[in-house]
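Sequence lines set the chain letters: A, B, ... in the order given, protein chains first and strands last, and positions in each chain run from 1.
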Amino acid sequence: MKNAVKRKLIQIAAFGFTNSHMTNFVSGKLYTGKWKQFCNPGLNCYSCPAATLACPIGAMQAVAGSMQYNFSFYVVGFLLAVGVLLGRFICGWICPFGLVQELFYKIPSPKFRLPRIFTFVKYGILVVFVVVLPVAATDYMGMGQPAFCQYICPAGTLFGGLPMTATHPELRAATGFLFGLKMTILILTVLACVFIFRFFCKTLCPLGAIYGLLNKISIYHLDVDRHSCIKCGKCAHTCKMDVDPVKTPDSAECIRCGACAAACPRQAIRLGFRLSEPHAAQNGGADSRTEANKLQ
Amino acid sequence: MQPSNKKRILVQCAFLIAAVLMIVHGTGRGEIATVWNKAVNICLECIGLG
Ligand code: SF4
Ligand code: SF4
């Protein structure tokens with residue numbers, strides 16, 4: 001089976017499992033069973049009526065902002081374990097909001113690349129809105145707000161805000177400035193995702209920032225066989241995350257989608273769980289250039 | 001085994017052990033109840049009302 005088809009099927013299966021309570025969209029109720037004590041490895045609002053699991057970014061802020069705790073060992077430990085094992089493979093294959101963005105990108109339109117500088121914004125969002133504000137901006141009872149959910153998260157607005165306000169007139173009546181702000185962010189994000197592949201993942205997602213940092217050491221990783229690589233550049237040209245896998249196989253932006261490996265004419269790119277040493281860069285000289293010329 | 005690869009494996013093991021200890025500690029002090037409680041009630045902040 002082609003890698004792209006396999007990936008799409010796994011993304012759909014992951015979306016289906018983590019949002020299996022579809023009938024709740026009609027009733028406007030939330031699933032309240034035991035699964036909600038576990039975190040989804042991807043971004044999936046827990047106020048989405050269909051959601052089976054808890055959102056890790058929401059859960060991290062909720063625990064840190066609660067009266068009893070300032071830090072969530074449970075959620076951070078979970079993300080650390082998942083990130084060390086899989087890195088941003090989660091983004092490429094499992095995350096429901098990643099799949100949704102890819103569907104928006106399928107809308108026919110001119111497509112653009114994003115200047116690299118914008119990819120650093122998500123680290124600022126992680127530190128300020130997810131880590132600092134929920135602990136630092138507390139009320140008289142010592143409770144903080146989940147600032148990322150409150151002011152930014154378009155996934156929450158799309159899968160929580162819209163279905164909940166549609167089914168609950170009392171919630172609809174309570175909408176105001178914050179709802180307007182979040183709707184504006186949602187509309188701008190959706191529009192940007194039509195023109196730029198996974199705009200939210202690249203620029204805003206704090207979960208992508210965490211997994212991106214862990215991509216550098218994750219057990220599931222990408223490596224390039226320098227003996228086979230002829231430096232034709234097809235991999236970098238194919239990558240919609242704007243990564244050059246030959247130069248930076250452990251890039252924080254690589255979502256391990258495998259498109260580059262499928263495009264490589266020499267099968268020099270491999271993705272998988274490996275503890276063996278990465279291929280040594282010894283043979284990238286005259287031979288490779290000759291091969292590249294032959295292929296052109 | 002190359003030294004840089006050895007270091008990578010050591011870091012992976014250290015992080016995985018730290019992750020397991022954190023999960024055990026967090027579970028032991030009752031964080032799961034806080035997560036569940038937040039996840040089964042409508043989060044006003046998430047839906048844009050909080
Ligand atoms: S960056 Fe965030 S939204 Fe995008 S796929 Fe990764 S976890 Fe999901
Ligand atoms: S470098 Fe390859 S695996 Fe990584 S995002 Fe780009 S195309 Fe996908």
Side-chain angles (χ1 to χ4, degrees), chain A residues 30-34 36-39 45-47 51 53-55 58-59 62-63 66 68-69 72-85 145-147 149-150 153 156-157 160-162 164-165 168 171 174-176 178-183 214 217-219 275-278 280, chain B:
Chain A
L30 297 184
Y31 162 71
T32 57
K34 288 258 180 274
K36 273 265 173 95
Q37 59 193 318
F38 302 112
C39 291
C45 185
Y46 40 34
S47 283
L53 300 162
C55 170
V63 176
S66 66
Q68 302 107 298
Y69 315 110
S72 179
F73 287 97
Y74 171 59
V75 181
V76 174
F78 169 77
L79 292 179
L80 196 57
V82 173
V84 171
L85 286 174
Q145 302 297 327
C149 303
Q150 194 171 21
C153 187
T157 317
L162 289 178
M164 286 319 236
T165 49
H168 294 260
L171 293 179
T175 55
L178 269 178
F179 192 79
L181 172 75
K182 285 199 66 183
M183 275 305 293
L214 293 170
I217 57 149
S218 62
I219 296 173
L275 293 172
S276 61
E277 44 277 27
Chain B
M1 193 181 285
Q2 292 178 349
S4 66
N5 197 47
K6 224 181 197 174
K7 207 165 108 189
R8 189 183 169 112
I9 294 172
L10 275 177
V11 173
Q12 287 166 345
C13 291
F15 274 40
L16 279 180
I17 292 167
V20 171
L21 292 177
M22 285 169 100
I23 294 170
V24 170
H25 179 61
T27 309
R29 68 179 191 155
E31 286 180 28
I32 286 188
T34 309
V35 170
W36 183 79
N37 200 34
K38 182 76 181 175
V40 298
N41 292 298
I42 298 173
C43 163
L44 292 179
E45 294 87 357
C46 299
I47 66 169
L49 303 182

> What part of A:Leu30 gets closer than 4.5 Å to chain B, counting heavy atoms only: side chain, backbone, both or neither?
Replying inline: side chain
> In terms of heavy-atom proximity below 4.5 Å to chain B, should A:Val84 be classed as side chain, backbone, both, or neither?
Replying inline: side chain
> Who among A:Gly176, A:Cys39, A:Cys153, A:Ser218 has the most heavy-atom pairs with chain B under 4.5 Å?
Replying inline: A:Ser218
> Under a 4.5 Å heavy-atom cut-off, does chain A meet the side chain of B:Asn37, its backbone, both or neither?
Replying inline: neither
> A:Val63 versus A:Tyr74: any side-chain heavy-atom pair under 4.5 Å?
Replying inline: no
>> Heavy-atom cut-off 4.5 Å, strictly under: side chain, backbone, both or neither for A:Leu162 against chain B?
In response: neither
>> What part of A:Val82 gets within 4.5 angstrom of chain B, counting heavy atoms only: side chain, backbone, both, or neither?
In response: neither
> Side chain, backbone, both or neither: which part of A:Ser72 has a non-hydrogen atom closer than 4.5 Å to chain B?
Replying inline: both
>> A:Val75 vs A:Leu79, test: side chain to side chain contact (heavy atoms under 4.5 Å, CB included). Steps then yes/no.
In response: CA-CA 6 Å; A:Val75 181; A:Leu79 292 179; 4.3 Å; yes
> Just wondering, do A:Leu171 and B:Ile42 contact through their side chains at under 4.5 Å, heavy atoms?
Replying inline: yes
> Of all residues at least two apart in sequence or in a different chain, which pass the salt bridge (Lys or Arg N to Asp or Glu O under 4.0 Å) check with B:Lys38?
Replying inline: B:Glu45
>> Given heavy-atom pairs under 4.5 angstrom as the criterion, report whether the side chain, backbone, both or neither of A:Tyr31 touches chain B.
In response: backbone
> Hey, which of A:Lys182, A:His168, A:Gln68 has the most heavy atom pairs under 4.5 Å with chain B?
Replying inline: A:Lys182
> Would you say A:Cys45 and A:Cys55 make side-chain contact, with heavy atoms under 4.5 Å?
Replying inline: no
> Are B:Ile47 and A:Thr157 side-chain neighbours, meaning at least one heavy-atom pair lies under 4.5 Å?
Replying inline: no
> Would you say the side chain of B:Thr27 lies within less than 4.5 Å of the side chain of B:Ile23, judging by non-hydrogen atoms?
Replying inline: yes
> Using non-hydrogen atoms only, which part of B:Leu44 is less than 4.5 Å away from chain A: side chain, backbone, both, or neither?
Replying inline: side chain
> Pairs in or reaching into residues 25-35 of chain B: which pass salt bridge (Lys or Arg N to Asp or Glu O under 4.0 Å), with residues at least two apart or in two chains?
Replying inline: B:Arg29-B:Glu31
>> Out of A:Ala51, A:Gly83, A:Ala147, A:Pro146, return the one with the most heavy atom pairs under 4.5 angstrom to chain B.
In response: A:Pro146
